[in-house]
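In what follows, chains are A, B, ... by sequence order, proteins preceding strands, each numbered from 1.
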Number of protein chains: 2
Amino acid sequence: MVVANTTVEEVLAALEQADTLESIQDAILKLREHFNVDNMVYHWVDSAGEQYGYGTYPLDWAARYQEQNYIRIDPVIAGCYKRFHPVDWKKLDWSSKAVRAFQTEAIAYGIGNQGYSIPIRGPNGQFALFTVNHTCDDDTWEEFTETNRRELILIAHYFNQKALEFEPNRAPEQSQPLSPREIDAMTLLAIGYSRAQVAETLSISEHTLRVYIESARFKLGASNTTHAVARALSRGLIVV
Amino acid sequence: MVVANTTVEEVLAALEQADTLESIQDAILKLREHFNVDNMVYHWVDSAGEQYGYGTYPLDWAARYQEQNYIRIDPVIAGCYKRFHPVDWKKLDWSSKAVRAFQTEAIAYGIGNQGYSIPIRGPNGQFALFTVNHTCDDDTWEEFTETNRRELILIAHYFNQKALEFEPNRAPEQSQPLSPREIDAMTLLAIGYSRAQVAETLSISEHTLRVYIESARFKLGASNTTHAVARALSRGLIVV
DNA sequence: TATTTACTCCCCAGAAATAGCGATGCCAGA
DNA sequence: TCTGGCATCGCTATTTCTGGGGAGTAAATA
């Protein structure tokens, strides 16, 4: 694969200055041209399952993806969500039937067979992906990712920075912080303790514990304990 | 500030091959030399408050830090934990009395007054920091970070990768996959639905739903619904 | 000093979850 | 073919959680 001679440095510098969505799109197009790949996408996955992103995927595929809620079966999402590091799509689990149907459909919509995705995380459980996608054979792709991994990681980082600038309301999705006792309670509940066990562990009455759970629930906007624990987890307020 | 002429590329390549702790330490020393800074540290902060890391901080300071449990007041930890992006120490909140005492003590132990820390995150709320630290004036430091930000981000990434290799038990654990219906159930529970609501949403009887919850609980080794949802979340089996 | 925040404790009634035993049919892989 | 996993439905009794009250202390903050 030949890589064009626009420098990534230039594009990153431009991206850093970018102050409109158009200029970001422009950067992504330049980068696609530079790396000479089919697609390049930044994809934000919200804790509420909301999605957001920009890139070069065909619009009808993006619409289809959203409409079918493919995020729930997309192995790229699932795989990156579990990992720290950039992932080659080949290494993902495509074995399930639904997933293979999804893959076939994606290719029909013009998505390349090869892909390389970089997971990006932030506080409050925020999660995004930067993906490079192409149609070629395994060896070519291997060589491409080997060669460009470092730059792609950096680019992912820069796109994420820009995404936050443009969608600041997605960043401080943080809720009121939990008090230490509330964190204790949520943490112990998340590791499977019953209320009685938690109360005993914290050496407080079960009634007191309940007050913590309730206030945590309130702070987290949760409708029950399970919901509260789930939110605390996905916002990174507790870690299990 | 003069930057020595060992190339970062070389060090990163060496780091990639590193298979002993010594070689990692060696890489960190080379990098310190290259960037000509006082200290360079990779610091992992575990969910349980466990710590782990390597770098060039004086051993007595590291010991002191651990012993005093300074992680609880360290504004670098607090600040990076809240942010996505590299942070200059100057931008952190040093206003509290305890924090200033901490800072004074750190400097006495040989820590530079300037610092630049890069937060790194992974699944399950894992969190680490890569820090460059130096003694100089603000303008010099500004110029240094401006110049080297990109490389530092990459380096942070590589150190994190190595840290995971050497501490595989810190990586997320695998478990039996959940069936589609189990995923549905767990997901809806995680977003706050009660059993009745979930059953209605999935158009199944509450009893059937219960069977799913129970089998998911069993697969996840969870002792109750909240626990099961927490595990499903932190293993990336569901996304909320 | 006044105010807020966190932490602790108490009662009660009704709603929800859990544990125990069932059952049938379908589909895929060994 | 048969085993195992998946999806679906049923009953009963017990335990646990939730939501509605109220109240006092200590510490930090304004």
Ring geometry between Trp141(A) and His134(A) (parallel below 30°, tilted from 30 to 60°, perpendicular above 60°): parallel
Ring geometry between His85(B) and His157(A) (parallel below 30°, tilted from 30 to 60°, perpendicular above 60°): perpendicular
Sugar-phosphate, base or nothing in reach of Ser223(A), heavy atoms under 4.0 Å: sugar-phosphate
Between C1' of dA19(C) and CG of Asn224(B), the distance in whole Å: 13 Å
Whole angstrom value for the distance that separates P of dG10(D) from CD of Glu206(B): 11 Å
Side-chain H-bond candidate by donor/acceptor type, Asp184(B) with Tyr212(B), under 3.5 Å: no
Closest nucleotide among dG20(D), dA19(C), dA7(D) to the Ser179(B) side chain: dA7(D)
Touch class at under 4.0 angstrom, heavy-atom based, for Ser215(B) against every strand present: nothing
Nearest-Å distance for atom pair CD/P, residues Glu200(B) and dC9(D): 13 Å
Gln114(B) and Asp138(B) side chains, donor-acceptor separation under 3.5 Å: yes
Gap between atoms CG and P, on Leu209(A) and dT8(C) respectively (whole Å): 10 Å
Charged N-O contact under 4.0 Å between Arg210(B) and Glu214(B): yes
Of the listed nucleotides dT18(C), dT8(D), dG10(D), the one nearest the side chain of Ile204(B): dT8(D)
Contact under 4.0 Å: Ser205(A) side-chain N or O vs dC9(C) OP1/OP2: yes
Between the first and last five pairs of the helix from dT1(C)-dA30(D) to dA30(C)-dT1(D), the angle of the axes, rounded to 10 degrees: 70°
Nearest-nucleotide pick for Arg210(A), side chain only, options being dT8(C), dA17(C), dG20(D): dG20(D)
Integer-rounded Å distance: dT16(D) P and Glu214(A) CD: 18 Å
Touch class at under 4.0 angstrom, heavy-atom based, for Arg181(A) against every strand present: sugar-phosphate
Exceeds 12 heavy-atom contacts within 6.0 angstrom, atom OH of Tyr193(B): no
Sugar-phosphate only, base, or nothing, as touched by Thr208(B) at under 4.0 Å among non-hydrogen atoms: base
Length of the CG-P vector between Leu189(B) and dA17(C), whole Å: 8 Å
Between dA6(C) (P) and Leu202(A) (CG): distance, integer Å: 17 Å
Short side-chain N/O contact to dC6(D) OP1/OP2 from Lys219(B), under 4.0 Å: yes
Euclidean distance, atom CD of residue Glu182(A) to atom P of dT8(C) [Å, nearest integer]: 11 Å
Backbone of Phe102(B) reached by a side-chain donor or acceptor of Glu105(B) within 3.5 Å: no
Upstream residue (5' side of DNA chain C) when Arg217(B) and Val211(B) are each assigned their closest nucleotide: Arg217(B)
His207(B) side-chain proximity, nearest of dT18(C), dC11(D), dC11(C): dC11(D)
Backbone of Thr135(A) reached by a side-chain donor or acceptor of Asp38(A) within 3.5 Å: yes
